[in-house]
Amino acid sequence: MPALSSQSNDDSFDDVWEELNWRGLVHVSTDAAALKELLAGPPITFYCGFDPTAPSLHLGNLVQLLTMRRLQLAGHRPLGLVGGSTGLIGDPRPTAERVLNTRDTVAEWVGYLQAQVSRFLSGDGDNALRMVNNLDWTAGLSAIDFLRDIGKYFRIGTMIKKDAVSARLNSAEGISYTEFSYQVLQGLDYLQLYRDHGCVLQTGGSDQWGNLTSGTDLIHKAERVSVHAIGTPLITNSDGTKFGKSEGNAIWLEPSMTSPYAFYQFWLNTDDADVIFRLRIFTFLGRAEIDRLAEAVATEPFKREAQRALAWEVTALVHGAEATESVIAAAAALFGQGDLAVLDAGMLESALRELPNTTSPASTPVAQLLLDTGLTTSAGEGRRAIAQGGVYVNNTRVESETATLEGAVLPGGFAVLRRGKKTLAGVFVE
RNA sequence: GGCAAGUUACCCAAGUGGCCAAAGGGAUCUGACUGUAAAUCAGCCGUCUUAGACUUCGCAGGUUCGAAUCCUGCACUUGCCA
């Protein structure tokens with residue numbers, strides 16, 4: 001779906017390593033000089049892993065996918081690993097132990113993630129994407145073989161120094177042996193891919209650095225070879241809040257989990273202070289264009305040209321140009337200050353299809369509709385929102401907690417429900 | 001296996017018999033201001049149809065007119081000892 005063929009690296013850079021650095025994608029790495037030389041040379045094989053901890057990838061994973069794609073565009077050969085086995089274990093988070101998912105669930109999610117990863121990388125040519133699954137080489141591994149052949153290479157002293165592990169050891173939560181072992185499994189992945197595919201580079205989030213180095217260390221000990229790792233930065237917002245969350249929920253790549261409309265809106269609402277960094281990381285726009293947009297943010301911030309470019313680029317990348325056009329049209333129709341009744345009914349209707357929506361009789365109380373469309377999570381919250389003046393039907397503020405849609409239905413048989421300034425939903429009146 | 005400490009709402013965290021739907025902080029949400037921004041200020045912030053009622057303080061019992069607070073058992077977490 002994404003227009004892979006139209007993507008390219010910026011040829012104003014000497015090599016892909018320079019470009020990755022300019023884009024801010026290299027937070028930590030193994031020997032930088034060696035990596036630069038390696039990446040400027042003949043094609044190498046590299047990999048990045050994704051664990052099935054949810055039915056979809058999210059924006060944090062997108063950073064990895066785009067990093068992989070840039071390396072692929074430079075001629076290198078990507079291996080996409082979906083962690084059928086590591087997903088069963090769970091990598092240690094600094095805060096709390098994970099709840100294990102069932103084997104069936106993980107297997108199902110592996111399928112979804114493989115399909116998603118495949119969409120972002122080219123499957124053509126000498127350096128086509130190849131998918132691998134670490135369950136293939138761990139499922140048949142006995143506990144004894146694991147402990148003898150792999151475990152001997154790992155030192156407890158090193159293992160407990162890893163950030164995620166030591167954070168947990170120092171917390172009230174502690175850490176289970178299961179999660180403690182995660183780094184061994186990931187190290188094993190790298191070793192296996194080195195042996196099977198000559199893989200010499202792993203990319204991942206810098207929060208995974210401990211797991212990345214566990215692989216390079218293992219290969220060094222087992223094969224007496226130095227291989228590489230690149231840790232991409234953890235994306236943060238300048239105001240200190242977590243990136244990639246909207247109303248506390250993750251932004252997913254799967255359209256049924258985060259609608260293309262919400263996805264576009266997320267990017268459009270990017271803070272001025274962050275937008276240029278986002279353009280570098282999440283788009284294929286070149287240095288010259290991004291510098292121009294930076295100038296636009298400085299001189300005409302109210303036009304939000306950079307935000308529009310960012311929202312367009314990323315939404316088109318993930319959901320396709322066509323879907324992006326339609327969510328932009330939807331936003332233009334719905335965000336309007338103006339009178340919704342004068343808009344074209346067909347266009348308005350298709351716009352509402354992009355939003356959370358529900359079908360109800362006109363006599364349904366607005367508070368109930370808020371609940372039905374997911375704009376609120378309880379009836380009390382809905383009443384409160386109305387009392388605070390935060391609910392609108394067709395851009396007209398709802399004054400009464402007992403209001404219904406009577407008399408407010410637009411030609412075509414629907415109504416636009418809005419909470420706050422920008423949270424919208426549609427109601428189709430039956 | 002023994003001893004000790006702990007488990008409070010989305011997160012952190014007060015609260016040791018009634019004044020507790022539960023202090024305070026953060027996050028989310030709403031309003032004002034704006035550029036569908038940031039910062040700032042204000043409000044809301046368990047559920048239910050307001051007053052009011054109901055459910056909640058790891059789980060299950062018990063004491064009491066009354067329990068997040070006391071007792072018993074269980075589960076889980078952490079530390080020390082073996």
Side-chain angles (χ1 to χ4, degrees), chain A residues 92-100 166-180 236-251 261-279 293-294 296-312 315 327-338 351 354-355 364-368 370-371 373-392 395 397-404 416-425:
Chain A
R93 288 178 292 190
T95 49
E97 189 84 7
R98 290 178 186 271
V99 177
L100 293 177
S166 71
R168 286 279 294 281
L169 283 172
N170 291 327
S171 76
E173 178 93 5
I175 185 168
S176 67
Y177 183 71
T178 305
E179 290 193 3
F180 178 63
T236 55
N237 292 333
S238 57
D239 60 8
T241 55
K242 271 188 182 166
F243 166 76
K245 306 265 175 173
S246 170
E247 298 171 29
N249 299 312
I251 304 288
Y261 177 85
F263 190 88
Y264 181 87
Q265 289 293 321
F266 170 81
W267 292 104
L268 189 64
N269 283 313
T270 302
D271 192 326
D272 290 2
D274 295 320
V275 67
I276 298 303
F277 298 112
R278 301 283 186 272
L279 281 164
L293 288 167
V297 172
T299 57
E300 304 177 302
F302 50 90
K303 285 192 177 173
R304 295 184 303 137
E305 191 182 350
Q307 277 89 343
R308 287 180 208 284
L310 177 66
W312 162 261
T315 311
V327 297
I328 291 174
L334 295 167
F335 248 95
Q337 319 60 17
E354 300 290 334
L355 303 173
T364 313
V366 171
Q368 181 61 42
L370 288 169
L371 199 54
T373 52
L375 256 41
T376 56
T377 55
S378 75
E381 188 184 345
R383 279 196 306 281
R384 215 178 296 130
I386 293 172
Q388 292 183 132
V391 177
Y392 302 78
N395 290 343
R397 181 173 282 179
V398 175
E399 304 291 351
S400 161
E401 292 178 21
T402 56
T404 67
V416 180
L417 205 57
R418 174 156 64 91
R419 181 181 184 200
K421 280 187 201 168
K422 51 196 181 186
T423 314
L424 292 152

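Just so it is clear, the model here is predicted, and its values are computed rather than measured. Throughout, a chain's letter reflects where its sequence line sits, starting with A, and its residues are numbered from 1. Just so it is clear, the values below take in all heavy atoms, side chains as well, and ignore hydrogens, waters and symmetry mates.
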Calculate the interatomic distance between [X] atom [atom1] and [N] atom [atom2]; express it in whole Å.
X	N	atom1	atom2	answer
Arg278(A)	A37(B)	CZ	P	16 Å
Leu169(A)	U77(B)	CG	C1'	14 Å
Phe266(A)	U28(B)	CZ	C1'	15 Å
Glu381(A)	U30(B)	CD	C1'	10 Å
Glu399(A)	G31(B)	CD	C1'	13 Å
Gln307(A)	A38(B)	CD	P	10 Å
Gln368(A)	C48(B)	CD	P	10 Å
Arg168(A)	U77(B)	CZ	C1'	11 Å

Out of [options], which has the shortest distance to the side chain of [X]?
X	options	value
Leu268(A)	U30(B), G31(B), U36(B)	U36(B)
Phe302(A)	G35(B), C44(B), C29(B)	G35(B)
Lys421(A)	U34(B), A37(B), C44(B)	U34(B)
Pro301(A)	U36(B), G35(B), U30(B)	G35(B)
Lys422(A)	A37(B), U50(B), G35(B)	A37(B)
Asn269(A)	U36(B), G31(B), U30(B)	U36(B)
Asp271(A)	G31(B), U36(B), A37(B)	A37(B)
Arg383(A)	U49(B), A38(B), U30(B)	U49(B)

Which part of the nucleic acid, if any, lies within reach of [X] when heavy atoms closer than 4.0 Å are counted: base, sugar-phosphate only, or nothing?
X	answer
Gln265(A)	base
Arg397(A)	sugar-phosphate
Arg384(A)	sugar-phosphate
Glu401(A)	nothing
Tyr264(A)	nothing

Provide the closest heavy-atom pair for Pro92(A) versus Ile175(A) in the form atom of the first, atom of the second, distance.
->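 Nearest heavy atoms, Pro92(A) then Ile175(A): CB-CD1, 3.9 Å.
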Sticking with atom [atom1], work out how far [N] lies from [M], rounded to a whole angstrom.
N	M	atom1	answer
C54(B)	C10(B)	P	22 Å
A60(B)	C76(B)	C1'	15 Å
C74(B)	A22(B)	C1'	26 Å
C70(B)	A51(B)	P	32 Å
U28(B)	U77(B)	P	32 Å
A68(B)	G18(B)	C1'	13 Å
C12(B)	G17(B)	C1'	27 Å
U47(B)	A32(B)	P	24 Å

Between Thr377(A) and Glu381(A), does any side-chain donor sit less than 3.5 Å from a side-chain acceptor?
->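 Yes - a donor-acceptor pair under 3.5 Å links their side chains.
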State whether a side-chain donor-acceptor pair under 3.5 Å links Asp271(A) with Gln307(A).
->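 No, no side-chain donor-acceptor contact under 3.5 Å.
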Name the residue closer to the 5' end of RNA chain B, choosing between Lys303(A) and Ile175(A) according to the nucleotide with the nearest heavy atom.
->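 This one resolves to Lys303(A).
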When the nearest nucleotide of RNA chain B is assigned to Ala379(A) and to Thr270(A) on a heavy-atom basis, which residue is associated with the more 5' position?
->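 With Ala379(A) and Thr270(A) compared, the 5'-side residue is Thr270(A).
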Check whether [X] reaches the backbone of [Y] with its side chain - one donor and one acceptor, N or O, closer than 3.5 Å.
X	Y	value
Arg384(A)	Ile386(A)	no
Arg397(A)	Gly389(A)	yes
Thr315(A)	Trp312(A)	no
Arg419(A)	Gly390(A)	no

N or O in side chain of Thr376(A) less than 4.0 angstrom from C29(B) OP1/OP2 =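 Indeed not, no polar side-chain atom of Thr376(A) lies that close.
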So, is Tyr392(A) close to the G31(B) phosphate, meaning a side-chain N or O under 4.0 Å from OP1 or OP2?
->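 Checking Tyr392(A) against G31(B): at least one side-chain N or O falls below 4.0 Å of OP1 or OP2.
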To the nearest 0.5 angstrom, please state how far the CD atom of Gln265(A) sits from the CD1 atom of Ile251(A).
->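 Interatomic distance, Gln265(A) CD to Ile251(A) CD1, rounded to 0.5 Å: 11.0 Å.
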Counterpart base for [N], defined by Watson-Crick or G-U wobble contacts under 3.5 Å:
N	value
C3(B)	G79(B)
G73(B)	C59(B)
A51(B)	none
U30(B)	A42(B)

Establish whether the base of G31(B) is bridged to the side chain of Gln388(A) by a donor-acceptor pair shorter than 3.5 Å.
->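 There is none.
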